[in-house]
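First up is the structure itself, then whatever we jot down about it.
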2 protein chains.
Amino acid sequence: MTSKVYVEILQQLYRIIEEDGLSAGDKIPSERELAERLNAGRSSVREALRSLEFLGIIETRRGEGTYLKEFGDHQLIGLLGMFILQEKRAKEDLAETKWLIEEMCLSLACKRRTEEHVQELEQLLTKPLDYETFFQWVVKAGNNYLLERIWRVLNDFYQSQHGAISLPHMFYEQMAQSFQTRDWTTIRNIFSEYRRID
Amino acid sequence: MTSKVYVEILQQLYRIIEEDGLSAGDKIPSERELAERLNAGRSSVREALRSLEFLGIIETRRGEGTYLKEFGDHQLIGLLGMFILQEKRAKEDLAETKWLIEEMCLSLACKRRTEEHVQELEQLLTKPLDYETFFQWVVKAGNNYLLERIWRVLNDFYQSQHGAISLPHMFYEQMAQSFQTRDWTTIRNIFSEYRRID
DNA sequence: GAACGAGTCTGGTCTGACCACTTAACGTTT
DNA sequence: AAACGTTAAGTGGTCAGACCAGACTCGTTC
């Protein structure tokens, strides 16, 4: 037995969650039941659950049970900010990385945007638009969920440190036009241009 | 008693670490001693320690004790990746995202590689080279720590799902040559070419 | 139907007991 | 004196059982 029980339990727990098709908000088996199903002591089960609770992945309510929490909420993000981003090197690279990822998303969106996407963007332009909302459209049009999650994390960090990015409305208008014609060169130029301003 | 004991313990533990002036590598009091000093059960102490261990803040060695870990090499980014990548949609985009990030790193490395980097790569080429080792060189030459962490997560998960990528030695030779001349166009072409093969 | 209450489920905590492993001390042998 | 082996103490790893506190179920009572 080289591996620790509570690590095993974490893996088994994932299996159970998948097999039972549990998702956010659902109740997971009680500690006693888990201990029995996994042939482990209740204290070991609790050690595993505590770790998950600490990360904000589950929520325990005395007398009720243990529930899966919605991922993407503040807990993990906050922890990351607290620990990882305190590393100087990571902090220094945050802005650059965010920009590179955004350029990547723009490229994907340019290739994959549909007519519906363009229309939706037109709709957004009728009202004052902010950088974050615009890029939420971009990552959606880019149709890569993983990249969307990565961008969201970087964006949250960036905002917490530098505040929101503000660009003139013309930026979004020019972007929209270029997306309509799938003019990648122009999109890239606009992005570089306004990045310098910001 | 509204607050949970293990949360209290975490706070007390932080105080103890400060008061005793403990830093990375130092040994913290044993579980039994902590339980006594904090008037808590050993199981509660363990629940707190497990959370910290899960985050990589401490390291426990059976028979020896519990030690503070170097601040900075904890696996929060890895954990974040683990939970994001657990989602089906994210999994589907894994290969594409990994490739995009890699292309991004290649671009950075092409711009920023120094003479020392090139020499180091030459050194690597004297022996059989694998994809992962090569890209570790790339991300290092790219000089973006955050991107390095992101790539590592994606790479780990890709490998766990698809196994290691194997490319002919010529690929690395061509890459090395193009890096020497900073020929980004060729680097990109080689990358696209061999990606199709893989 | 509404209000009460016993029983049962849940998580929260503590205690005590082993086990496996490491280290240090002590003694013996060479 | 140096090398070796043995022993004892300390440490994390795990389990079982007990009790507490909150929340729910459901039958009884008003």
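Just so it is clear: chains get the letters A, B, ... in the order the sequence lines come, proteins before strands, and each one is counted from 1. Computed from a prediction, not measured in an experiment: that's the story for all the values here.
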- Item | Spacing of A:L49 atom CG relative to C:dT13 atom P, expressed in whole Å | 13 Å
- Within the side chain of A:R113, is there an N or O that forms a donor-acceptor pair under 3.5 Å with the backbone of A:V118? no
- Task: Would you mind classifying the nucleic acid contact of A:R61 as base, sugar-phosphate or nothing, using non-hydrogen atoms under 4.0 angstrom?
- Result: sugar-phosphate
- Which nucleotide in the list C:dG11, D:dG12, D:dT14 gets nearest to the side chain of A:E47? D:dT14
- Find the distance A:L52:CG to C:dG11:P and express it as a whole number of Å. 14 Å
- D:dT11 phosphate, OP1 or OP2: any side-chain N/O from B:T60 under 4.0 angstrom? no
- Query: With no hydrogens and no angle check, do the side chains of A:S166 and A:D130 hold a donor and an acceptor under 3.5 Å apart?
  - Reply: no
- Task: Give the rounded distance in Å between these two atoms: CD of B:E31 and P of C:dT15.
- Result: 15 Å
- Message: What's B:A40 touching, base or sugar-phosphate or nothing? Going by heavy atoms closer than 4.0 Å.
- Response: sugar-phosphate
- Message: When you measure only distances, ignoring hydrogens and angles, does the side chain of B:R62 come within 3.5 Å of the base of D:dG10 through a donor and an acceptor?
- Response: no
- Distance in angstrom units between B:R42 CZ and D:dC15 C1', rounded: 11 Å
- Message: Both B:K27 and A:V45 contact DNA chain D. Taking the nearest nucleotide for each, which residue is further toward the 5' end?
- Response: B:K27
- Task: Report yes or no: is there a donor-acceptor pair, N or O only, under 3.5 Å between the side chain of A:R46 and the base of C:dG11?
- Result: no
- Query: Separation of B:L34 atom CG from C:dC14 atom P, in whole Å?
  - Reply: 13 Å
- Task: Return yes if a side-chain donor-acceptor contact under 3.5 Å exists between B:Y172 and B:Q177, otherwise no.
- Result: no
- Item | A:R32 bridged to A:E36 by N-O distance under 4.0 Å | no
- Which part of the nucleic acid, if any, lies within reach of A:S43 when heavy atoms closer than 4.0 Å are counted: base, sugar-phosphate only, or nothing? base
- Message: What's A:G41 touching, base or sugar-phosphate or nothing? Going by heavy atoms closer than 4.0 Å.
- Response: sugar-phosphate
- Can a donor-acceptor pair under 3.5 Å be found between the side-chain atoms of B:R32 and the base atoms of D:dG12? yes
- Item | Interatomic distance, B:E64 CD vs D:dA9 C1' [rounded to whole Å] | 15 Å
- A:E59 CD to C:dG11 C1', straight-line distance once rounded to whole Å: 13 Å
- Query: Is any side-chain N or O of B:R50 closer than 4.0 Å to OP1 or OP2 of D:dG13?
  - Reply: yes
- Item | Same apolar cluster (I L V M F W Y, side chains within < 4.5 Å links), B:V139/B:L124 | yes
- Message: Please report the distance, rounded to the nearest Å, between OH in A:Y67 and P in D:dG22.
- Response: 17 Å
- Query: A:S44 side chain N/O closer than 4.0 Å to the phosphate oxygens (OP1, OP2) of D:dG13?
  - Reply: no
